[in-house]
Amino acid sequence: MSTAPRSLLANAEPWWKGAVIYQIYPRSFADANGDGVGDLPGITQRLDHVASLGVDAIWLSPFFTSPMRDSGYDVADFCGVDPVFGTIADFDALVAKAHRLGLKVLIDQVYSHSSDRHPWFVESRSSRDNAKADWYVWADPKPDGSPPSNWQSVFGGPAWQWDARRTQYYLHNFLVEQPDLNLHHPQVQEAMLGAARFWLERGVDGFRFDALNFAMHDPLLRDNPPLPPTNRARRRSFDFQDKIHNQSHPDIPVFIERLAAEMRSYGATFSMAEVGGDHWAQEMALYTQGAARLDSAYGFNFLYAEALTPALVVDALSVWPDAPDHGWPSWAFENHDAPRAVSRWTAPAHARAFARMKMLLLLSLRGNAILYQGEELGLGQVEIPFDRLVDPEAIANWPITLSRDGVRTPMPWQGDAKDRGFGSIDPWLPHGADHGALAVDQQEADGDSLLHWTRRLIALRRAEPALRSGSSRVVSADKAVLVLERAHPGGATLRCAFNLSDRAVAFAVDGAVLVATGDYSGGILGGYSAVVMRGRA
């Protein structure tokens, strides 16, 4: 497969509209120096594989300087590369090769919090009157010494930590080692914009903003109200509250406009927010509203869903109407925090058929498609024994909380190699026992593999304007079958039908078949089968 730079669609739309984005988790992609941890040079060495898929961009999860209490999302230097991943020169080399291959480069930005090892926090906690005293969220205790509010952290327990240096509490919406930045402070805003400029000047093509709706808090520190009872299990103290005061502050969109303006001054950049929580739909619409804010957002519609159903897809699509001033969606079925979809949504006996149908569905949705590394191979979730766990949430709540480590295992490149081609015999997490058979080299040799199927679908999406950036309409949706219509003024109208169940159902193909997987003959659509039909131009 050629990895020469590719020409993008010849239209007036921005490069990112309808893009396929490949997420790379640096610790687990490829290890160039044999220390057990993936690194930037390893990614650079393996970029040809990513380019061969036909994707438009890569998104790198954090590689910044960090004590790694939360796998790099506890940043100790927003403009530094952690030595475990390499050097800034290694990053520059990665960007240069990606651009030669026609790949855009997106990286994470974490504006909600830093590491407690960050020099800013070290100074801030040293006294109440230093230059960075107000760069983090500090508050006096209540008269009885208890925390200033009832806010709870994502990882469980109070979101406030007592610090004897200042005899105050500091806010941490995540780990204790991740103190919240005070993004209300003008100097903090300027510092974060400065970090964005640093990477943009190194050639980065855009950002994914981590936990952006946590970036500002209620300065009055009002208690959160309880959430009404639901049928959902509540495993964390965080799950009992309506988080209206420790996140989702109305000034966040104001900062977003400053941020977006800064990015656009550098040219054709792309901005995408991660938005979770109980009010995700409203916040994604707010953060992407109009031309002055972010380009896109993605939430957790699919990432933690227990089943893939037509109703789930219809509900997700309904949040993103094709309307003026409304943002553009991005979709992910898997990522570094969520379990592998083939393990969540189907039985092992159906994994191959399901993975093919799922890939066609993802690449047929209106919006950007985000592929997580190994998704093109159909990798399943790996069971990590307790003594090998790294994920702090999983360790703290074992065995209740599903480990995020199970989706972060090393990428299998060579099925018969002891190190699976990762670069080290004893990597930081163990390989999946069945991942060798799904390795890249094994699937390269099989013309009917999911890897080849993925390439074919991405090429089709690039060739068909209706699939890449056209309008979307739900034609029908019952308990098993979802039918979508995709249309674009510059191309044909396509009808896309998906059987999301494992049983055959009655279905009549009423157009020229463009691509299909499974059984669609004789008036039926087989279990986990799908077909895309060409309609009238």
task = For side-chain hydrogen bond (donor to acceptor under 3.5 Å, both in side chains), just list the numbers for H99 and D205, CA-CA rounded to whole Å, side-chain angles, deciding distance to a tenth of an Å, and then say yes or no.
result = CA-CA 10 Å; H99 286 167; D205 301 289; 2.7 Å; yes
Are [X] and [Y] near enough that their ring centres are under 6.0 Å apart?
{"X": "Y73", "Y": "H113", "answer": "no"}
{"X": "W413", "Y": "H49", "answer": "yes"}
{"X": "W331", "Y": "F302", "answer": "yes"}
{"X": "W199", "Y": "F207", "answer": "no"}
{"X": "F174", "Y": "F214", "answer": "yes"}
{"X": "F64", "Y": "F78", "answer": "no"}

key: Atom pair CG/NZ of L362 and K358 - distance to nearest 0.5 Å   =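 Nearest 0.5 Å value for the CG-NZ distance: 6.5 Å.
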Assess the side chains of [X] and [Y]: does a donor N or O sit below 3.5 Å from an acceptor N or O?
{"X": "W16", "Y": "N368", "result": "no"}
{"X": "N224", "Y": "N246", "result": "yes"}
{"X": "Y22", "Y": "E375", "result": "no"}
{"X": "S115", "Y": "E177", "result": "no"}
{"X": "N173", "Y": "H217", "result": "no"}
{"X": "Q152", "Y": "S237", "result": "yes"}
{"X": "R356", "Y": "T517", "result": "yes"}
{"X": "H336", "Y": "Q23", "result": "yes"}

request  = Assess K104 against F270: is NZ or CZ under 6.0 Å from the centre of the six-membered ring, and within 45 degrees of the ring's axis?
outcome  =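 Checked: cation-pi criterion not met.
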ask   = When you measure from the centre of the six-membered ring of F240, is the NZ or CZ of R234 under 6.0 Å away and within 45° of the axis?
value =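 Geometry flag: set, cation within 6.0 Å and 45°.
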Taking C-beta and beyond as the side chain, do [X] and [Y] meet within less than 4.5 Å on heavy atoms?
{"X": "R344", "Y": "L308", "result": "no"}
{"X": "R456", "Y": "L360", "result": "no"}
{"X": "V204", "Y": "T269", "result": "no"}
{"X": "I458", "Y": "L363", "result": "yes"}
{"X": "R202", "Y": "I88", "result": "yes"}
{"X": "P339", "Y": "V407", "result": "no"}

key: R503 CZ: over 12 foreign heavy atoms closer than 6.0 Å   = no
ask   = Under 6.0 Å from the CZ atom of R388, do we count more than 12 heavy atoms belonging to anything else shown?
value = yes
Tell me if a side-chain donor or acceptor on [X] pairs with a main-chain N or O of [Y] at a distance below 3.5 Å.
{"X": "R366", "Y": "W320", "answer": "yes"}
{"X": "Q178", "Y": "S114", "answer": "no"}
{"X": "E376", "Y": "T454", "answer": "no"}
{"X": "H435", "Y": "G380", "answer": "yes"}
{"X": "K243", "Y": "Q241", "answer": "yes"}
{"X": "S248", "Y": "I244", "answer": "no"}

Cationic N near anionic O, under 4.0 Å, [X] to [Y]:
{"X": "D82", "Y": "R27", "result": "no"}
{"X": "E444", "Y": "R455", "result": "yes"}
{"X": "D426", "Y": "K418", "result": "no"}
{"X": "R208", "Y": "E274", "result": "yes"}
{"X": "R117", "Y": "D74", "result": "no"}
{"X": "D31", "Y": "R46", "result": "no"}
{"X": "R461", "Y": "D56", "result": "no"}

query = Which residue, F354, W345, Y372, forms the ring-ring contact (aromatic ring centres under 6.0 Å, His included) with F333?
reply =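 Of all the options given, the one that passes is W345.
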inquiry  = Please determine whether side-chain hydrogen bond (donor to acceptor under 3.5 Å, both in side chains) holds for the pair S424 and D419, giving the CA-CA distance in whole Å, both sets of side-chain angles, and the decisive distance to 0.1 Å.
reply    = CA-CA 6 Å; S424 44; D419 66 349; over 6 Å; no
message = For Q373 and S28: C-alpha separation, side-chain torsions, deciding distance, then whether side-chain hydrogen bond (donor to acceptor under 3.5 Å, both in side chains) applies.
response = CA-CA 9 Å; Q373 65 183 47; S28 301; 4.8 Å; no
inquiry  = Using the rule side-chain contact (heavy atoms from CB on, under 4.5 Å), only one of D108, L371, I24, I107 pairs with W59; which is it?
reply    = D108
